[in-house]
Amino acid sequence: MALLPILEFPDTRLRIRAKPVEHFDAQLRQLIADMVETMYAAPGVGLAGTQVNVHRHIFVMDTSAEKNDPQAYINTEILERDEIQVAEEGCLSVPTIFEPIRRATRVRVRARDADGALFERELTGLAAVCVQHEMDHLAGKLFVDYLTALKRERIRRRLEKERRERGGSASSSSPRSAEPAL
Ligand code: GNR
Ligand code: NI
C-alpha cells in the first residue's frame with residue numbers, strides 16, 4: 001500500500017482526459033488499493049485517477065458515515081440525471097476552498113468494478129454529487145470551472161500564496177516565479 005501525491009490546481013495535468021481502462025489485472029487492483037488509502041488519509045469522500053496523475057477512467061469513493069464502504073468505479077457512464085440542487089463543494093485538488101455548485105440530485109450510472117464486472121446503480125445526495133465531481137475530473141474539469149473567471153483567478157492566487165508560505169524552496173524555485181505577479 002502507498003499514499004499517492006495529489007495534484008493541485010492550477011496544475012495542467014489536472015486537464016488531461018482519462019482513457020478507458022482495458023486490463024482488469026493485479027496492477028489495477030493495486031492502484032485501487034492505493035487510491036482508497038490516499039482518499040481516506042486525505043481525508044476525502046472520493047478520488048479520481050486524474051488527481052494522482054493516472055489518466056485512466058477510474059475513481060474511488062466512500063460516502064458512508066462509518067468510512068467502511070470503499071467503492072471503485074471504472075469506465076463509468078452517467079445514464080440519467082434528475083433535478084438540480086445547489087450544494088457546497090470542495091476538492092482535494094483545490095484545498096480549503098468551498099463553493100456552492102449546481103448538480104443533479106439523482107444519477108443513474110453504469111460502471112465496472114475492480115474485477116471488470118458491469119453494474120448499474122442509482123445514487124442520491126452526496127454520492128450523486130461525488131460521482132458527477134469525479135466524472136468531471138476524468139474529463140479534465142474542476143469545480144472551480146463553474147465559477148466566474150474572476151473568482152477562479154482569486155482562488156488560484158490564494159492557493160499559490162498559501163503554497164509559497166507553506167512550501168518554501170520547492171515552490172519558490174519552481175517556474176511559477178517566472179509568471180507575472182497578478
Ligand atoms: O472529499 C471531497 N468532498 C466533496 C464534498 C462535496 C462535493 C464533492 C466532494 S469530492 C471531495 C474529494 C475530491 O476532491 N474528489 O475528487
Ligand atoms: Ni475533486
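In each ligand, atom 1 is the first atom listed, and ligand 1 is the first ligand listed. Atom set for the values below is all heavy atoms of this structure, side chains included, hydrogens, waters and symmetry mates excluded. Note that the numbering runs from 1 along the sequence shown for the chain. Keep in mind that this is a model prediction, so the values were computed, not measured.
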| Side-chain donor or acceptor of Asn75 paired with backbone N/O of Pro20 under 3.5 Å | no

| field | Thr50 side chain near Phe59 side chain, heavy-atom distance below 4.5 Å | value | no

| field | Interfacing atoms of ligand 1 (cut-off 4.0 Å, heavy-atom, Val129) | value | 7 (C)

| Distance-only N or O hit between ligand 1 and Gln51, under 3.5 Å | yes

| Taking the minimum heavy-atom distance to atom 13 (C) of ligand 1, which of Pro43, Gly46, Gly90, Ala42 ranks first? | Gly46

| said: Return the closest protein heavy atom for atom 8 (C) of ligand 1 as residue, atom name and distance. | reply: Glu89 CG, 3.5 Å

| request: Anything under 30° is parallel, anything over 60° is perpendicular, the rest tilted; go ahead and classify Phe119 against Tyr73. | output: perpendicular

| query | Is Arg157 salt-bridged to Glu160, going by a charged N under 4.0 Å from an acidic O? | reply | no

| said: Surrounding CZ of Arg102 (heavy atoms of other residues, nucleotides or ligands, distance under 6.0 Å), is the total greater than 12? | reply: no

| message | With heavy-atom distances below 4.0 Å as the criterion, list the atoms of ligand 1 near His133. | response | 8 (C), 10 (S), 13 (C), 14 (O), 15 (N), 16 (O)

| request: Kindly indicate, with the supporting measurements, whether the criterion side chain to side chain contact (heavy atoms under 4.5 Å, CB included) is fulfilled by Val129 and Gln85. | output: CA-CA 9 Å; Val129 170; Gln85 67 180 352; 3.5 Å; yes

| Pairing of Glu165 and Lys161 as salt bridge, 4.0 angstrom limit | yes

| message | Under 4.0 Å from a heavy atom of Cys91: which atoms of ligand 1 are those, numbered in the order shown and with their elements? | response | 14 (O)

| task | Sort by chain and number the protein N/O/S atoms that are closer than 2.8 Å to the Ni ion (ligand 2), and list them. | result | Cys91 SG, His133 NE2, His137 NE2

| task | Check each heavy atom of His137 against ligand 1 and say whether those closer than 4.0 Å belong to the side chain, the backbone, both or neither. | result | side chain

| said: Quick check: is Val45 connected to Leu142 through a chain of hydrophobic side chains (ILVMFWY, heavy atoms under 4.5 Å apart)? | reply: no

| task | Mark up the atoms of ligand 1 that fall under 4.0 Å of a heavy atom belonging to Glu88, in ascending order. | result | 6 (C)

| Which atoms from ligand 1 have a heavy atom of Leu92 less than 4.0 Å away? | 12 (C), 13 (C), 14 (O)

| request: Can you see which heavy atom on Ser93 is nearest to which on Ile6, and at what distance? | output: OG-CG2, 3.8 Å

| query | Where is the nearest protein heavy atom to atom 3 (N) of ligand 1: which residue, which atom, and how far? | reply | Val45 CG2, 3.4 Å

| task | Give every residue pair that meets the side-chain hydrogen bond (donor to acceptor under 3.5 Å, both in side chains) criterion with at least one member in residues 104-118, sequence neighbours excluded. | result | Asp82-Arg106, Arg106-Glu122, Arg108-Glu120, Arg110-Glu120

| task | Among all protein heavy atoms, pick the one closest to atom 15 (N) of ligand 1 and tell me residue, atom and distance. | result | Glu134 OE2, 2.7 Å

| said: Quiz question: by atom type and distance under 3.5 Å, do the side chains of Asp136 and Gln132 form a donor-acceptor pair? | reply: no

| request: Could you tell me whether the side chain of Arg152 and the main chain of Val144 form a donor-acceptor pair under 3.5 Å? | output: yes

| note | Per-atom filter on ligand 1: closer than 4.0 angstrom to a heavy atom of Gly44 are 1 (O)

